[in-house]
Structure formats: C-alpha cells, structure tokens
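Please read the structure below before turning to the comments.
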Amino acid sequence: MIRKELVAASAEPMVLAILAKGESYGYAIIQEVKSRSEGRLNWTDGMLYPVLHRMERRGLIKARWGESETGRKRKYYSLKKDGKAAMSQHHEQWSLVHSVLAGLKKENYV
Amino acid sequence: MFDLESSITAWRRHMLASGIQSPVPLEELEVHLREEISRRMEGGAVEREAFDAAVAAMGSATSLKAEFRKAGGFWVWLGEDRPARIHRTFALLWLAFCCWIFFNLVAALAATPFISNLRLTPDLYLIFFFAPIFLRGIIAAIRLFGGNRKEARILRVLAIIGFVFSVGQIIYRHMPVAIVVSYPDVLVLAFYGASLYLMRSPKKSVQN
C-alpha cells in the first residue's frame, strides 16, 4: 500500500490530469484513480471532495451541477486556465523527482 | 428489515449532526454514496452489505469535516501557502495605506488655490511628486493581491522611500533637541520594515 502522505501529495496532480482529458465527476475520478493504480492508490472516497473544493476555490477547476444519463444528479468538474498551468507545473516537478530517483537507482543497481 | 432509503436518511442526519454542511458538500457526498451502493449491488452485493461498505469507504464524518474545514474558510481565501498569505495580507495593508495617502494628497491639491495665481509652492511640488507614486502603489497592491508577486518589488521600493522619508521627518521634527520617537512613528517604521523583510524575494538556488 502507498503511504498516505504520498497519496495526499499526488491527489491534486491526479485530479488535474484526469480533468485535462475532459469534464468528470467525483465518483468517476475516484474509480479512474483506483483502476489506473490497480487499487494501490487507495483514496478514502469522501476525502476527494475537500480536495476538489479547495481546487475550485483556488480557481484551478470549475464545477456545475448536471444530470447523468439515468437522470441522477451529479456535480461535474472541469479544468480552468490556471488549472492547466498548475498541471504542467506539477508534471515538471514530479518528472524531476522521478528522474532523480531513477538516476540514483540506476547508479546503485546497474 | 433493512430499508435503504431510511438508512441513507439516517446517514445524512449523522453527517449533518457532525457538522458536514448542506446542501454543499452533503448533497455531493450523498450522490457519491448512492453511486457506490448501486455499483456494489450491480456486483452482486445485497442492499445492506452495499450500504455498509459504501459508508465505510466514504470515511468518518469527523475526518471529513476536518478536511472540509481545511479546504475552505478565510485562510484558503487568503492564499494557498504561507508566502501567498503574507503577500496578500501586505497587499491589503498597502492598498489601504496608499489609498489613504493618495486621497489625502488629492484633497490637499483640491483645496489649494494654485490655479488662480499659477504659483507652485514647495508643498505642491511634493503633492505632484508623491501622488503618482502612491497611485502606482494602489495599482501594485491590487495586482499583488491578484497573485502577481512581481508587484511586491514596487511596494518594497515604496517601503524604502517611506522608511527614509519617515526617519528624515522624525529627525527634522525634533532638531535641534533630542529626538523622540512617538508610537505612531514606531508603528509606521515597523510597517515599512516588516514589508521589506516579509515581502523580500525568495532566495535563488545556487547553481554550480
């Protein structure tokens, strides 16, 4: 299981990356994260919503209430301009961390 | 006999009693809960199992409330991190300060009958010198509050000018007798000093 600090730190870039593909809603975002991480990034379902609300307040994403195909009420989120900028910044930083770790691993084991 | 709707109503009541606000975010959490119950039931779970598992996956009301509190309120509005909050606080203080000085200067200008005799006194020179500076200060404070951190430099220059001017004024006021610094003087100097220190540019990383 992945440490909760890492799960918390990765929540915002994950959400931004998922919303970069198009509008989505809380439940679908969680399902996508679970499925892509094969259940190893285990978010407590309710914890996603404070993250979404914080991002909305910071102007990274916007929300609208809509309806699903079955008529169920849903709150849809989409990326704003600042969110796109934040996503590239996250991408850059996580790539840097990844490349440093990968480089160190290579030096140690190869 | 388990009744799904009354169980969801009881869950809502529990969430409300624990401080989760309605309609937002409670509505959204309920929508999520219902989706999770449906998914589990489609997977073969009975209503009660699906409900219990969905409630457990949602997390406790106490921890949810704590997370929502962190996500909202005054501090989040003020800024996402400490430097952002400091810059926005100083932006508000500088906005009030610059507006106060600028409008006093404009009022002094309006009260001066210089147009009739077309004579520029030293006071008028000072007004014409300082009014544009503080107007720029107002613009910088608004932009800084909007997130443009580069504008902090303008306010730091103003703080240096203000600091030097205030010290000069204190010395001039009390010369040739002993200099006495009053509480308002200390307050103004502390404001300039704090602006210079807290709005300083972040240290650049040293590159080899």
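In what follows, every heavy atom counts, from backbone to side chain, and hydrogens, waters and symmetry copies are set aside. Chain A is the first sequence line, chain B the second, and so forth, proteins listed ahead of strands; every chain is numbered from 1.
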Heavy-atom pair count under 4.5 Å with chain B, highest-scoring of A/Met55, A/His53, A/Gln31 = A/His53
Give, as side chain, backbone, both or neither, the part of A/Leu48 having an atom under 4.5 angstrom from any heavy atom of chain B.
-> neither
Part of B/Ser60 within contact of chain A (heavy atom distance under 4.5 Å) | neither
Honestly, the part of B/Leu64 sitting under 4.5 Å from a heavy atom of chain A is both
Run the salt-bridge test on B/Arg39 and B/Glu36 with the 4.0 Å N-O cut-off and return the result as yes or no.
-> yes
Answer yes when B/Arg136 and B/Glu151 have at least one side-chain N-carboxylate O distance shorter than 4.0 Å, and no when they do not.
-> yes
Between B/Ser18 and B/Lys65 the two heavy atoms that sit nearest each other are O-CD, 3.0 Å
Near-ring test B/Phe191/B/Trp94, centroid separation under 6.0 angstrom | yes
Check side-chain hydrogen bond (donor to acceptor under 3.5 Å, both in side chains) between A/Arg64 and all other residues, then give those that pass, not counting sequence neighbours.
-> A/Glu23
Considering only NZ, NE, NH1 and NH2 on the basic side and carboxylate oxygens on the acidic side, decide whether B/Arg40 and B/Glu47 come within less than 4.0 Å.
-> no
Option that, when pairs with chain A are counted at under 4.5 Å, heavy atom only, ranks first among B/His32, B/Met58, B/Arg34 = B/His32
Greatest number of non-hydrogen atom pairs under 4.5 angstrom with chain A, of B/Ala56, B/Gly59, B/Ala57, falls to B/Ala57
Part of B/Glu30 within contact of chain A (heavy atom distance under 4.5 Å) | neither
